[in-house]
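Single-structure report; data block below.
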2 protein chains.
Amino acid sequence: MDRAEIDQVRRFNRTVTERVGVLHDHYLGRDRPVGEARLLWEIGEQGQDVRRLRERLGLDSGYVSRLLRSLETDGLVTVEPQPRDRRVRTVRLTDAGRAERAALDRRSDELAGSLLEPLNAAQRVRLVAAMAEVDRLLTAATVALDGADPDHPDAQHCLRSYFTELQERFETGFDPARSLLPDAGELRPPHGLFLVARLHGEPVGCAGLKLPPGAPAEVKRMWVAPHTRGLGLGRRLLAELESRAARHGHDVLRLDTNKALGAAIGLYHSYGFEEVTAFNDEPYAHHWFEKRITTASSE
Amino acid sequence: MDRAEIDQVRRFNRTVTERVGVLHDHYLGRDRPVGEARLLWEIGEQGQDVRRLRERLGLDSGYVSRLLRSLETDGLVTVEPQPRDRRVRTVRLTDAGRAERAALDRRSDELAGSLLEPLNAAQRVRLVAAMAEVDRLLTAATVALDGADPDHPDAQHCLRSYFTELQERFETGFDPARSLLPDAGELRPPHGLFLVARLHGEPVGCAGLKLPPGAPAEVKRMWVAPHTRGLGLGRRLLAELESRAARHGHDVLRLDTNKALGAAIGLYHSYGFEEVTAFNDEPYAHHWFEKRITTASSE
DNA sequence: CCGGTTCTCTGACTAGAGTCAGAGAATGGA
DNA sequence: TCCATTCTCTGACTCTAGTCAGAGAACCGG
């Protein structure tokens with residue numbers, strides 16, 4: 001990371017916190033404390049459990065309770081116990097609350113507009129494009145990769161999505177029973193491992209690795225959520241698997257894949273995999289890839 | 001301004017305030033309230049008058065006074081009356097203060113680094129480039145254009161810089177006495193007007209307009225500070241002058257310029273001016289331009 | 001139906017970031 | 001010289017945005 005890069009990031013931080021930050025408070029904190037506004041926003045059109053709200057915003061339970069009471073006395077929300085578990089309470093917007101939320105929405109639009117307003121059309125196009133790029137890359141940088149048990153709810157969520165997607169995309173559909181599926185034991189230590197990628201706590205990708213002693217390490221069940229594609233997440237998962245495989249003493253990484261998964265095949269090529277002849281008889285595979293790995297590899 | 005643009009700006013605002021904002025507080029507000037840290041930073045290496053500090057940060061005088069006392073009791077600054085006007089007080093960093101400020105500097109670097117850290121080299125390059133673009137265009141959008149009297153200190157500052165620059169850039173140097181200079185009266189109502197562009201309150205550009213009844217309006221003394229060039233500020237000044245000239249009933253805008261000012265000549269061409277034969281005998285002019293204007297023109 | 005757990009609420013605090021109204025010293029202009 | 005103005009400081013508040021420690025209701029498993 002060189003000096004010029006750091007300096008540019010600092011200039012960016014300064015300009016943005018000044019310009020966006022100040023306007024943000026000006027527009028959104030107008031007649032309601034920011035905390036309440038955030039809460040109002042997060043409740044959403046269909047209501048939310050208090051517990052989920054707390055998690056999403058990372059706030060103290062006492063604090064949320066107080067904020068909600070304040071919104072309630074203003075007639076913006078109703079709080080009622082859930083029928084099936086009366087400890088949990090559900091918040092719902094009243095009509096007034098919905099109106100207030102719409103007002104916040106309008107203000108966010110105004111804020112965005114006020115940033116663009118002084119610029120001419122050409123500048124606007126360039127600013128929006130640059131913002132999209134910053135947004136995309138900062139989001140990419142926010143995704144965290146962690147080891148997880150394949151039975152963890154987040155891992156399960158990813159795997160279900162993965163199978164659903166295979167079912168939709170494979171010409172022949174996908175029936176887990178017909179495939180060479182590793183059982184969960186093969187994807188947890190000491191026989192392998194499983195990674196989950198999370199964005200703001202939500203699972204958005206996964207990848208498994210089999211580590212058979214004396215044989216090549218094998219990538220299994222790599223999946224990236226559709227809304228986070230294009231962030232380089234697949235590449236990051238591969239890199240992480242590769243370095244972990246190397247740390248476990250493996251010097252070859254391999255995988256098989258279906259011809260319907262074009263983007264993945266492209267990634268394997270560009271990441272340094274080479275196509276090889278079939279090393280298993282997975283009925284859903286059309287391509288088999290291998291990559292020689294070294295401990296020093298870092299991307 | 002279309003919906004897609006607004007939405008992208010809103011996504012950007014959200015990502016950036018979350019990612020940069022949260023880290024900002026985490027890194028910079030570590031062992032010192034953000035208010036004090038900002039002040040410490042703004043005092044700078046060579047010290048500042050309390051009054052200027054207040055202006056720069058837009059804070060209440062009582063509040064600043066209290067913050068300074070707190071920094072003083074921590075041994076980070078000294079506050080002393082200015083010798084020439086003992087009402088005004090000057091703040092200076094002590095050695096401890098300088099060390100603390102250096103620590104803040106390091107943290108800003110760390111913050112910047114932490115944004116780049118999860119990305120690979122290619123992504124980093126793209127992020128930094130996009131940040132530079134956003135920074136540049138948001139800065140451009142922050143510049144305010146206001147009418148001003150040509151004798152106003154900010155206008156005078158611009159004009160002095162303008163003349164100095166002409167002196168340096170013209171092959172023959174520049175001697176105001178030899179040039180066809182409008183007197184200040186011609187650049188203030190009702191005979192004309194004068195615009196000053198300001199960034200965070202600092203003058204960074206100017207432009208004058210002569211409005212002789214029954215004759216073409218004439219652009220005079222247009223200047224943009226070197227560090228704000230490339231922001232489209234010249235174009236904005238021209239557009240503003242054009243619309244004001246139109247509002248005063250003029251339908252032609254004209255100007256003369258020196259061959260040394262290549263960027264300006266390029267701007268005049270691209271803005272829609274056409275070169276014409278000399279309409280005056282300004283000794284420093286090599287090119288004369290004219291543009292037909294309409295009331296409806298907007299850029 | 002008992003005991004531990006989960007979930008929400010209340011009360012009691014704290015710190016930060018300001019705002020507002022003077023008071024009191026210095027200064028500058030008539 | 002004196003009066004208005006400028007500049008800084010002090011005291012007295014306010015509002016956000018939390019944190020922490022229980023208390024009490026509801027639920028769940030054995």
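Chain A is the first sequence line, chain B the second, and so forth, proteins listed ahead of strands; every chain is numbered from 1.
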Value in whole Å for how far the [atom2] atom of [N] lies from [atom1] of [X]:
X       : N      : atom1 : atom2 : value
A:Leu57 : D:dT16 : CG    : C1'   : 16 Å
B:Asp49 : D:dT6  : CG    : C1'   : 13 Å
B:Glu36 : C:dA15 : CD    : P     : 13 Å
B:Leu68 : D:dC7  : CG    : C1'   : 13 Å
A:Arg89 : C:dC9  : CZ    : C1'   : 9 Å
A:Arg54 : D:dG18 : CZ    : P     : 15 Å
A:Leu67 : C:dT8  : CG    : P     : 14 Å
B:Gln82 : D:dC7  : CD    : C1'   : 11 Å

For the side chain of A:Arg87 and the base of C:dT6, is some donor closer than 3.5 Å to an acceptor across the two?
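Looking at the base of C:dT6, it does pair with a donor or acceptor on the side chain of A:Arg87 (distance under 3.5 Å).
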Using the side-chain heavy atoms of [X], tell me which of these nucleotides is nearest: [options].
X       : options                : answer
B:Asp85 : C:dT27, C:dT8, D:dA17  : C:dT27
B:Arg69 : D:dG18, D:dT10, C:dA25 : D:dT10
B:Pro33 : D:dC9, C:dG16, C:dC9   : C:dG16
A:Tyr63 : D:dT6, D:dA17, C:dC9   : D:dA17
B:Arg86 : C:dT8, C:dT27, D:dC7   : C:dT27
B:Asp60 : C:dT19, D:dA17, C:dC7  : C:dT19
A:Ser65 : C:dC9, D:dT8, C:dG18   : C:dC9
A:Arg66 : C:dA26, C:dT10, C:dT19 : C:dT10

A:Thr90 and A:Gln48 side chains, donor-acceptor separation under 3.5 Å:
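A:Thr90 and A:Gln48 do not have a side-chain donor-acceptor pair below 3.5 Å.
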What is the nucleic acid contact for A:Arg38, judged by heavy atoms within less than 4.0 Å: base, sugar-phosphate only, or nothing?
sugar-phosphate
Base, sugar-phosphate, or nothing: which does B:Gly62 touch, judged by heavy atoms less than 4.0 Å apart?
base
Give a yes or no answer on whether the side chain of [X] reaches the backbone of [Y] with a donor-acceptor pair at less than 3.5 Å.
X        : Y        : result
A:Asp60  : A:Tyr63  : yes
B:Arg124 : B:Leu119 : yes
A:Thr15  : B:Asp135 : no

How close do A:His24 and A:Leu111 get, counting heavy atoms only, and between which atoms?
CA-CD1, 3.4 Å
So, OP1 or OP2 of D:dC15: does either fall under 4.0 Å of a side-chain N or O from A:Arg32?
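False: A:Arg32 side-chain N/O out of range (4.0 Å or more) of D:dC15 OP1/OP2.
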